[in-house]
2 protein chains.
Amino acid sequence: MQAAKGGTRIMHTNPTRLLSKISRRNLSGLRINSDRLWETLHETCKWGAAHRYGKGPTETGMARLTLTDEDAHVRRWLAAEVTKLGCSLSIDQMGNMFARQSGKLKSSAPMIAMGSHLDTQPRGGRYDGILGVMAALEVLRTMKENGFQTIHDIGLVNWTNEEGARFPRSMCSSGVWAGVIPIESAWNLHDIHDSSTTLRSELEKHGFLGSMACSSNAANGTLLGAHFELHIEQGPILQDSNRSIGVVKGAQGYRWLTFRVLGRDAHTGTTPLSARQDPLLAASRMIISSHEIAKRYDALASTGVLKLPSNASTNTVASEVTFTLDIRHPQDSVVQFVQEECLKSFSAIASQDGRGVAFDWTLDTDSPAVQFDKNCISSIEAAADALVGPDKRMSMTSGAGHDSVYTNKHCPTAMIFVPCRDGVSHNPTEYCSPEDWYVFLAMYG
Amino acid sequence: MQAAKGGTRIMHTNPTRLLSKISRRNLSGLRINSDRLWETLHETCKWGAAHRYGKGPTETGMARLTLTDEDAHVRRWLAAEVTKLGCSLSIDQMGNMFARQSGKLKSSAPMIAMGSHLDTQPRGGRYDGILGVMAALEVLRTMKENGFQTIHDIGLVNWTNEEGARFPRSMCSSGVWAGVIPIESAWNLHDIHDSSTTLRSELEKHGFLGSMACSSNAANGTLLGAHFELHIEQGPILQDSNRSIGVVKGAQGYRWLTFRVLGRDAHTGTTPLSARQDPLLAASRMIISSHEIAKRYDALASTGVLKLPSNASTNTVASEVTFTLDIRHPQDSVVQFVQEECLKSFSAIASQDGRGVAFDWTLDTDSPAVQFDKNCISSIEAAADALVGPDKRMSMTSGAGHDSVYTNKHCPTAMIFVPCRDGVSHNPTEYCSPEDWYVFLAMYG
């Protein structure tokens, strides 16, 4: 297959045709049914398909926000599929779904989990999260049809509300599981567009408010023996360095802040610049300043949301602007430093134009940098070396947060990255070549 | 009265107490009932009162958007009031209301009009537009109760949708009257928050779609003999120079543009700054650049509206940003020059960061600079000299557009400005001291 690079048109090619090109030393002796995975992934994307960008049946993005009707559809479908495979299915109080396949020992020891998430961004793609869950399902299907049993129990996890796009807390339910986020505050998260709807009310509505505690405590919750997560890289590094496997050592730290800049409404035609308190002008300077600061320290600073009052009008200086700031770096100390530099700079900006503005801010999310488990990393490295050779794999730090960041607190965890085209993610045209993900299925197998 | 300056608390003092302080040589021999005007203005602000900022009964701003229920209320009330006074009332196809009081000659010559508007910004005050209509009504009431008749007919106009806040075209219906805006395009303006509602559908709904042509053509429309508009300055110049009367020579030119900046959605944690196409970062630079360009040429450039897609999220670079740009200067050539400089600068900005963005733009409103009628200006100057003396009046250029800009195309027109506190307008705390507007009522009288 020719990977479609640089263009906007992407062919989602059936991976069967790729088999002859791929060196696949199958570690378990099993062979994944790549066609079935391909078809299953795209078939289930009918629940939430959105943002068509091409004519092909799979040429859409996704808008499958947590606990919407679309998400509930795919969850019910997943529940039925794992039950057919003979897995036991448990759902906890955050709607996290744990499917468990017994191993030869019939041991009560915690299962080895392959986990990710089925929810997407509002303008997301078909691979972020979804690939990890569908790949895990394909592993279970392959084992089942070959009568293959692992020694210990193995299973699949679908974590609720990883994206935090509808209910604004990312890695939300793995965070509750890990004891980092109190369940009450997670339950009480409001739909960002509908304050009358909470995460808990949607869990109840769709029948996914389970009875089991959402906890890593083996006594009443679900301890895991290990957590492996296959995920698209969501960045361009693997593609640009021509590698197929990213062995993820950890995740960068990040903080989400919200700034509110307060000015004064004024007529744009009659108010001299010197007499204004223009919060949008100040916010614009702040956004640019945060960008320049991040650049100097090789960090990331991004504003994804900016809001004016709904009654904003062309000939009125707005009274108030709210915007978010997302700061990231593999070292927590740099994240902290960038934040401090931004706050200093913003204070100066607040008095720069006209009669100045006021501002305040909140820290909404603080996710420290994470180091994954050395043994898990080694086992992925060994498998990658056997499958593609050391030249085609590389060590990486995850730029994004993932559920693995939280599972890592209570069980050995590591992640496997697969390239995605041009590093594009959180975008309808997000694309992961079957050539790449097929390799990883062999690894999972 | 002590004018409340510099503080946030404002006393709306009853003007009766001011009489002894004001030198009022009453040109017509009539005396305005200032209490009645005061009470009428604030009483009718019950329709649309919003944004309370103090405890007093008049300490709110206004949100009386064109052809809302609140606007319809005050229109019906005005219709009843002018009818009680014996005026004939005509309503044209844009809902403009013309109340006409016969003069001694019973002539069919066009009436002398005192006009302004009763609609407000969504976060507007109690004086912008409203003062001009209520002052005109008070003049008619005073004439009536004194049995005073002018030689020729005199009257009042309430122009529809001056603000352009709900249906986005300012000075909308005086523009149709003047033949500048085609009536079909004005009728088809959509509510900015509800695309199923048009200006015409709201005219019909509230019974203000008149049968008379909206035109300055005497044959089928409403030619005016002259148009005088009393209005708050909406800027700080009168207050800062301690003058009471602004004799308005004309209005500055302005243009409203809308820019659309196109980038690409991308994950904020995994997309290096160098790989981004971030439209909000670019828009921020454009807003600041337009501000710096305007400052260099002593012009105004303002962004009142900026919109991201409704699905924007903290950890996603947005795909698209839309923002408005409002450019103003008393000379059209400078407005044009600032626009050209902005476009040049924006083109450079578009390729400044990461992989760059695309942008396009539309010119939504182009309102050239205006010179008012010399005879009207002279008569205002003479009246002002007689009332307050030459030291207390000054010549000015209006920073804002007004209906008078359009009436000036077809009849002798001029405006009278009155100070407003700190130049604040399009703001709930907009405030005009009775001491100031009382003077002008004497002039009108």
Side-chain angles (χ1 to χ4, degrees), chain A residues 63 121-123 164-165 168 170 193 233-236 252 254 256 264-273 275 278 280-281 283-285 287-288 291 294-295 300 302-306 308-319 324 326 328 353 398-401 423-428, chain B residues 63 121-123 164-165 168 170 193 233-236 252 254 256 264-273 275 278 280-281 283-285 287-288 291 294-295 300 302-306 308-319 324 326 328 353 398-401 423-428:
Chain A
Q121 286 283 322
R123 283 181 57 85
S170 62
H193 295 302
E233 178 200 339
Q234 302 182 273
Q252 67 184 347
Y254 68 89
W256 289 1
R264 190 174 62 171
D265 345 35
H267 192 293
T268 55
T270 58
T271 316
L273 301 180
D278 185 340
L280 183 54
L281 182 65
S284 298
R285 290 197 194 278
I287 289 167
I288 290 168
H291 178 82
K295 232 159 99 173
L300 299 173
S302 318
T303 294
V305 177
L306 185 147
L308 277 78
S310 60
N311 53 20
S313 92
T314 304
N315 60 341
T316 306
V317 173
S319 57
T324 59
D326 172 330
R328 308 202 185 211
D353 296 294
S398 172
V424 170
S425 171
H426 286 197
N427 183 298
Chain B
Q121 287 283 321
R123 283 181 58 84
S170 62
H193 296 300
E233 177 200 340
Q234 304 182 270
Q252 66 184 347
Y254 69 88
W256 289 0
R264 191 174 60 172
D265 344 35
H267 192 294
T268 55
T270 57
T271 316
L273 301 179
D278 185 339
L280 183 54
L281 182 65
S284 297
R285 290 197 193 277
I287 289 167
I288 289 167
H291 178 82
K295 232 158 98 174
L300 298 172
S302 319
T303 294
V305 177
L306 184 147
L308 277 78
S310 59
N311 53 21
S313 90
T314 303
N315 59 341
T316 305
V317 173
S319 57
T324 59
D326 172 330
R328 306 200 186 212
D353 297 294
S398 171
V424 171
S425 171
H426 286 198
N427 183 296

Between atom CG of B:Leu280 and atom OG1 of A:Thr303, what is the distance when rounded to the nearest 0.5 Å?
-> 6.0 Å

So which of B:Leu306, B:Thr324, B:Thr314, B:Leu281 has the biggest tally of heavy-atom pairs under 4.5 Å with chain A?
-> B:Thr314

Search all heavy atoms of A:Gln121 against all heavy atoms of B:Thr316 and return the closest pair with its distance.
-> OE1-OG1, 3.2 Å

Looking at B:Pro236, B:Gly164, B:Ser302, which has the largest count of heavy-atom pairs under 4.5 Å with chain A?
-> B:Ser302

Between B:Val317, B:Asp278, B:Val424, B:Val305, which shows the greatest number of heavy-atom pairs under 4.5 Å with chain A?
-> B:Val305

Any chance you could measure B:Leu300, atom CG, to A:Leu273, atom CG, to the nearest 0.5 Å?
-> 5.0 Å

Sort B:Thr270 into side chain, backbone, both or neither according to what part of it lies under 4.5 angstrom from a heavy atom of chain A.
-> both

Is chain A contacted by the side chain of B:Gln252, its backbone, both, or neither, given a heavy-atom distance below 4.5 Å?
-> side chain

Which region of B:Pro168, side chain (C-beta onward) or backbone (N, CA, C, O), has a non-hydrogen atom less than 4.5 Å from a non-hydrogen atom of chain A, or is it both or neither?
-> neither

Under a 4.5 Å heavy-atom cutoff, which of A:Ser313, A:Pro428, A:Ala294 has the most pairs with chain B?
-> A:Ser313

Tell me, side chain or backbone of A:Ser284 under 4.5 Å from chain B's heavy atoms, or both, or neither?
-> both

Identify which part of A:Asn315 has an atom lying under 4.5 Å from any heavy atom of chain B, answering side chain, backbone, both or neither.
-> both

If one checks every heavy atom of B:Arg328 against chain A at 4.5 Å, the contacting part turns out to be side chain

Scored by heavy-atom pairs under 4.5 Å with chain A, the best of B:Leu308, B:Asp353, B:Asn311 is B:Asn311

Do you know which of A:Ala318, A:Ala165, A:Gly304, A:Ala63 has the most heavy-atom pairs under 4.5 Å to chain B?
-> A:Gly304

Against chain A, label B:Ser170 side chain, backbone, both or neither, depending on which of its atoms sit under 4.5 Å from a heavy atom there.
-> neither

If only atom types and distance count, is the side chain of A:Asn427 paired as donor or acceptor with the main-chain N or O of B:Ala266 below 3.5 Å?
-> no

Would a distance-only check, ignoring hydrogens and angles, find a side-chain to backbone donor-acceptor pair under 3.5 Å from B:His193 to A:Ser310?
-> yes

Tell me, for A:Ser319 versus chain B, whether the close heavy atoms (under 4.5 Å) come from the side chain, the backbone, both or neither.
-> side chain

Do B:Ser425 and A:Thr271 come close enough that some side-chain heavy atom pair is under 4.5 Å?
-> no

For the atom pair OG1 (A:Thr268) and CH2 (B:Trp256), what is the distance rounded to the nearest 0.5 Å?
-> 7.0 Å

